[in-house]
Amino acid sequence: MKTRFAPSPTGYLHIGGARTALFAWLFAKSLKGDCLLRIEDTDKERSKAEYTQEIINSFKWLGVEFDAEIVYQSNNATRYREVVESLLANNTAYVCKGEDPEKDKEYRDLKLSKDEDTVIRFKMPETGSTAFEDLVKGKIEVSNDQLDDFIIERSDGSATYNFCVVVDDIDSEISHVIRGDDHINNTFKQINVFKALNQIIPQYGHVPMILGEDGKRLSKRHGALGVQEYEALGILPEALKNYLLRLGWAKGDTEIFSDKEMTASFQDGVMNKSPATFSMDKLLWFNKHYLDQMNTEELIQKINLNHIDKSEYSKMVINAVRDRCETLNDFSTQTDYFFNEPEIYDQKLIKKHCSDATSGYLNKLKSSLVDKDSWNQSAIKEVIDRIASDLEVGFGKIGLPLRLALTASTNSPSIDLVCEILGREETIKRLDSFLLFLNDQEKDL
RNA sequence: GGCCCGUUCGUCUAGUGGUUAGGACAUCUGGUUUUCAUCCAGGCAACAGGAGUUCGAUUCUCCUACGGGCUACCA
């Protein structure tokens, strides 16, 4: 069996297209079949080669690998011409002059010759109905009088979408067409072309669309981000894939599916018939899950930050902050102060956590830290605890200013751990800078 | 307008002719905690509406409402 995904290169690959592709691909892979990528670039005005490249890159990143060569419809013009001729020959298509849509059918048996003022229309059956058994929606049927004689070849001699699709599906021997349900109405037209050509009609499965967080259909101009933008946001491909899979497909209550599990269980799950609303929150939850699973080396490689390398120091830093990161990008701000001394302190935080007494506390702490014989998390905690109880204040009166001094933030791992990782020298140095800063502040007041 | 598709907690969904209608995300509460997180425990919350079939419908049928799609010399 063989499926295909057929985007038109008129923009980047957005999340909806990616999901449809994922379903088509998974459907094929779960049945040990092939899935083809076909670029539908018959619209010369809007199709761009750079979009094609972007689409290809997006799939590469996602880990969706298509089989065989990419098919470009723009390469098939002669083939389409040939098939149009055969339709003309067996009288299932006709040349039409068509200024008036009402009168199109009057040209059906006129057998005009083609020129630059005419198009070629498909001769749709006028009675009966066209029906098919959809893989996800069940039986779908429409009366043929609803279908019109659509154009298959433009006046410039180029073929149109609903016709090209059929020719390519035949030539590529596509057995199953998995696509968005916005194509349901096209299916009726296409089925009739298959019939006119005397070819086997593939099986169709129409998957529902994705809606934006506001409930409106997701589109390029309506909040749909490109796959590459999720990458830029620090989303892992496995997280996006897993999330997309669960958006519209389910196998019981299971949420997490590895690549292998996806293909293994795809046929056992159920595809939903209704459109689903995209949720960034849930995507982020999947992302955190896959981030948690990753070992430190892998993580360092994926984070791809200049200051993070394979050193023990980097590893300590990563492991210290990973709990509070849900995207790859979060590691940037979360690790920054381990590599760069804070330069400015937030006034609001200073006001909130520091008082006149703070300098005194911190000076005491500093001298104890300087004298402390060992330098590790528990030893440092001991020192802070002791000073706090000597001074008869809570841990926060000392710990919070210390955190500010070292990280310029109120969001960091345990402060004793931060001290340990930073090292004694750096810790004292930052403490000194902060003390100086506090001193200057008092003068200003 | 015509045609096609759809409708279970706020969101993603499971599920069945008889269930306390289950899980996940979000949210709320509590616990752990030196901050922020993480983590753990618990709570709130749904079968669109109306007929019909049936001993019984969330489940089957029809209608209505609402949502989406198509209706191009776009794909």
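These numbers come from the heavy atoms of this one structure, side chains and all, not from hydrogens, waters or symmetry mates. Residue numbers begin at 1 in each chain, while the letters A, B, ... track the order of the sequences.
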> Determine which nucleotide pairs with rA21(B), using a 3.5 Å limit on both distances of a Watson-Crick or G-U wobble pair.
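WC or wobble partner does not exist here.
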> Scan Val119(A) against the nucleic acid and name what it touches under 4.0 Å (heavy atoms): base, sugar-phosphate only, or nothing.
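Base contact.
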> Strictly distance-based, threshold 3.5 Å: is any side-chain N or O of Asn242(A) a donor or acceptor partner for the main-chain N or O of Glu238(A)?
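Flag not set: sc Asn242(A) to bb Glu238(A) has no pair under 3.5 Å.
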> Once hydrogens and angles are ignored, does a donor-acceptor distance under 3.5 Å link the base of rU7(B) to the side chain of Ser274(A)?
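In this structure, the two groups form no donor-acceptor pair.
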> What integer number of Å spans the C1' atoms of rG67(B) and rC55(B)?
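It comes out at 36 Å once rounded to the nearest Å.
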> I'd like to know if Asp41(A) reaches the base of rA75(B) with its side chain such that a donor and an acceptor end up less than 3.5 angstrom apart.
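No, the side chain and the base share no sub-3.5 Å donor-acceptor pair.
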> Quick one: are the ring centres of His353(A) and Tyr345(A) less than 6.0 Å apart?
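No, ring centres 6.0 Å or more apart.
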> My understanding is that a pair needs two contacts under 3.5 Å, Watson-Crick or G-U wobble. By that rule, which nucleotide pairs with rU33(B)?
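In the structure as shown, rU33(B) has no Watson-Crick or wobble partner.
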> Across all strands, who's sitting opposite rU16(B) as a Watson-Crick or G-U wobble pair, both distances under 3.5 Å?
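Pairing partner, where one exists within any strand: none, as none qualifies.
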> Is the base of rA14(B) touched by the side chain of Lys251(A) through a donor-acceptor pair closer than 3.5 angstrom?
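Donor-acceptor pair under 3.5 Å: no.
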> With a cut-off of less than 4.0 Å, is there a side-chain N or O of Ser279(A) near OP1 or OP2 of rC25(B)?
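Negative; the distance criterion is not met.
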> Can you tell me the distance, in whole Å, between the CG atom of Leu247(A) and the P atom of rU11(B)?
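To the nearest whole Å, that distance equals 13 Å.
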